[in-house]
Visitor: 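Next up is a structure, given as structure tokens.
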Amino acid sequence: MAVMRSIFYVPGNNPKFIEKAPSIPADIITLDLEDSVPPSEKENARKMIVENMKYAASGGSQVYVRINNWETEMTDDDLEAVVQPGLDGVTLAKTGHPDDVKRLSWKLEELERRRGMEIGSVKISMLLETAKGIMNAYECCLASPRNVNAIFGAVDYCRDMHVKITNEAVEQLWGRAKVAIACRAAGLVAIDAPFVSYKDTEAFERNVRDGLQMGYGGRMIIHPSQVEPSNRLYSPDPADVEWAQGVVKVFEEEGLAKGKAAVSYLGKMVDTPVYDNARDILAAQAEIDAKNKK
């Protein structure tokens, strides 16, 4: 699965921001057709996105487009415009029900067939940002084989819940945890919410670490200054990589090769779950290394 530590959003109708997209070292650049684009600018944004998708990808990022949700009656127009060769995925705003995802998957296949694209090449990312979406999180995550991640949308979630959003994020705990668990159960990457106080780097990094402990693997980014800490914090710690390499070597050479399922490493017992955890760390680092070599 593609590396998704940082997903940077760019208004689809803003030439200045689009021009800077290739210089942003985010794993995914998402060109936006939803909240950052006013209704009067939607058609212009569609045209600009189609013209600039390959340009936005020229810095090495994957390119997604955030599309309007079905209730707006703009989704079909968004998809007809942007599903073109070079598009890696779409993010469905305000996903509320698994049928929203199934409908999107069917439409993507129809467009891929019509335009001679590889079937299944356009992936689906879901924004779970309403009470309804949070309650249906697991079912939404299972709704299509195209699904690769789900994003917890804290701002709209708090608005829908009629609560004030804070940097401490206590009001988000239940919904945030539910999205992470749903993603893990469905085999998707959990993407944490945008952190609106973008100038408070210390609070941002603290919030990222909280999300890491919930199982999040990446972040929706709203300001370029958040990309570097996001990439750093969602990558395995170098000390953990070194530990994992030692665990795998000892367990395979002193354990598996000799018919044992438990060995000692650095004064601690290493059994199969510890070995599997070490292998997960090395696999994550290998994905990042492969991306960096491209």
Side-chain angles (χ1 to χ4, degrees), residues 1-10 20-21 23-30 59-62 64 89 91 125-129 148-155 157 165-173 175-184 187-247 276-294:
M1 188 174 287
V3 179
M4 304 181 195
R5 299 165 299 177
S6 52
I7 301 178
F8 183 70
Y9 272 62
V10 178
K20 293 180 179 178
S23 68
I24 305 296
D27 292 327
I28 296 175
I29 297 291
T30 296
S61 303
Q62 286 201 322
Y64 279 52
T91 299
S125 164
M126 299 158 289
L127 257 163
L128 302 175
E129 50 187 338
V148 292
N149 72 46
I151 305 169
F152 173 55
V155 176
Y157 170 72
I165 190 169
T166 68
N167 286 353
E168 292 73 24
V170 174
E171 70 285 349
Q172 303 165 36
L173 279 175
R176 192 179 182 194
K178 191 172 191 294
V179 170
I181 295 167
C183 285
R184 179 63 62 191
L188 309 185
V189 179
I191 304 297
D192 213 345
F195 192 79
V196 295
S197 298
Y198 64 87
K199 292 184 178 181
D200 193 339
T201 303
E202 183 178 344
F204 173 69
E205 294 198 9
R206 184 167 57 248
N207 187 269
V208 168
R209 291 189 177 93
D210 290 343
L212 278 166
Q213 287 299 98
M214 292 182 182
Y216 279 90
R219 193 91 199 199
M220 180 176 168
I221 301 295
I222 59 172
H223 192 270
S225 65
Q226 296 176 325
V227 174
E228 185 281 326
S230 186
N231 286 347
R232 170 169 44 84
L233 292 169
Y234 287 110
S235 298
D237 187 288
D240 291 339
V241 173
E242 183 178 358
W243 169 85
Q245 290 169 337
V247 165
D276 288 342
N277 179 49
R279 293 179 66 196
D280 288 344
I281 291 171
L282 295 182
Q285 186 60 53
E287 288 180 349
I288 293 168
D289 291 342
K291 177 188 182 296
N292 291 338
K293 288 178 182 178
K294 291 181 179 180

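Since we're looking at a predicted model, the values are computed, not measured.
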Visitor: Considering non-hydrogen atoms only, spot the tightest contact between Asp192 and Tyr234 and give its length.
Guide: CB-OH, 3.9 Å
Visitor: Within a strict 4.5 Å, meaning less than it, do heavy atoms of the Val148 and Leu188 side chains meet?
Guide: no
Visitor: For the side-chain contact (heavy atoms from CB on, under 4.5 Å) test, which of Asp210, Val179, Val189 pairs with Tyr216?
Guide: Val179
Visitor: What verdict does the side chain to side chain contact (heavy atoms under 4.5 Å, CB included) test give for Leu173 and Met214, after you've listed the backbone C-alpha separation in whole Å, the side-chain angles of each residue and the deciding distance to 0.1 Å?
Guide: CA-CA 10 Å; Leu173 279 175; Met214 292 182 182; 3.3 Å; yes
Visitor: Please round to the nearest 0.5 Å and tell me the distance separating atom CG of Asn231 and atom OG of Ser6.
Guide: 3.5 Å
Visitor: Walk me through whether Glu205 and Arg209 qualify under salt bridge (Lys or Arg N to Asp or Glu O under 4.0 Å).
Guide: CA-CA 6 Å; Glu205 294 198 9; Arg209 291 189 177 93; 3.7 Å; yes
Visitor: Measuring from Ile28:CD1 to Met220:CE, what's the distance to the nearest 0.5 Å?
Guide: 12.0 Å
Visitor: Side-chain contact test, heavy atoms from C-beta onward, threshold under 4.5 Å: evaluate it for Ile288 versus Pro236 and give yes or no.
Guide: yes
Visitor: Indicate the atoms forming the closest heavy-atom contact of Leu127 with Gly153, along with that distance.
Guide: CD2-CA, 4.1 Å
Visitor: Within the distance-only criterion (no hydrogens, no angle test), does the side chain of Asn149 pair as donor or acceptor with the backbone N or O of Met4 below 3.5 angstrom?
Guide: no
Visitor: Does atom CD of Glu228 have more than 12 heavy-atom neighbours, drawn from other residues, nucleotides or ligands, at distances under 6.0 Å?
Guide: yes
Visitor: Report the distance from atom OH of Tyr9 to atom CD1 of Ile222, rounding to the nearest 0.5 Å.
Guide: 11.5 Å
Visitor: Closest heavy-atom contact between Glu171 and Ile165?
Guide: OE2-CA, 3.4 Å
Visitor: From Phe152 CZ over to Ile191 CD1, what is the distance, rounded to the nearest 0.5 angstrom?
Guide: 13.5 Å
Visitor: Which pair of non-hydrogen atoms, one from Gly60 and one from Lys291, has the smallest distance, and what is that distance?
Guide: O-NZ, 4.4 Å
Visitor: Test your reading of the model: is there a side-chain donor-acceptor pair from Ser61 to the backbone of Ala26, 3.5 Å cut-off?
Guide: yes
Visitor: I need the minimum non-hydrogen distance between Asn167 and Asn207, along with the two atoms involved.
Guide: O-ND2, 3.9 Å
Visitor: If I compare all heavy atoms of Tyr64 with all of Ser125, which pair ends up nearest, and what's the gap?
Guide: CE2-CB, 4.0 Å
Visitor: Side chain of Arg219, backbone of Ala193: donor and acceptor closer than 3.5 Å?
Guide: yes
Visitor: Under a 4.5 Å cut-off applied to non-hydrogen side-chain atoms, are Asp27 and Ile7 in contact?
Guide: no
Visitor: Checking side chain to side chain contact (heavy atoms under 4.5 Å, CB included) for the pair Thr30/Val10: CA distance, chi angles, key distance, verdict?
Guide: CA-CA 6 Å; Thr30 296; Val10 178; over 6 Å; no
Visitor: Just by modelled atom types, is the Phe195 backbone N or O under 3.5 Å from a matching donor or acceptor in the Gln226 side chain?
Guide: yes
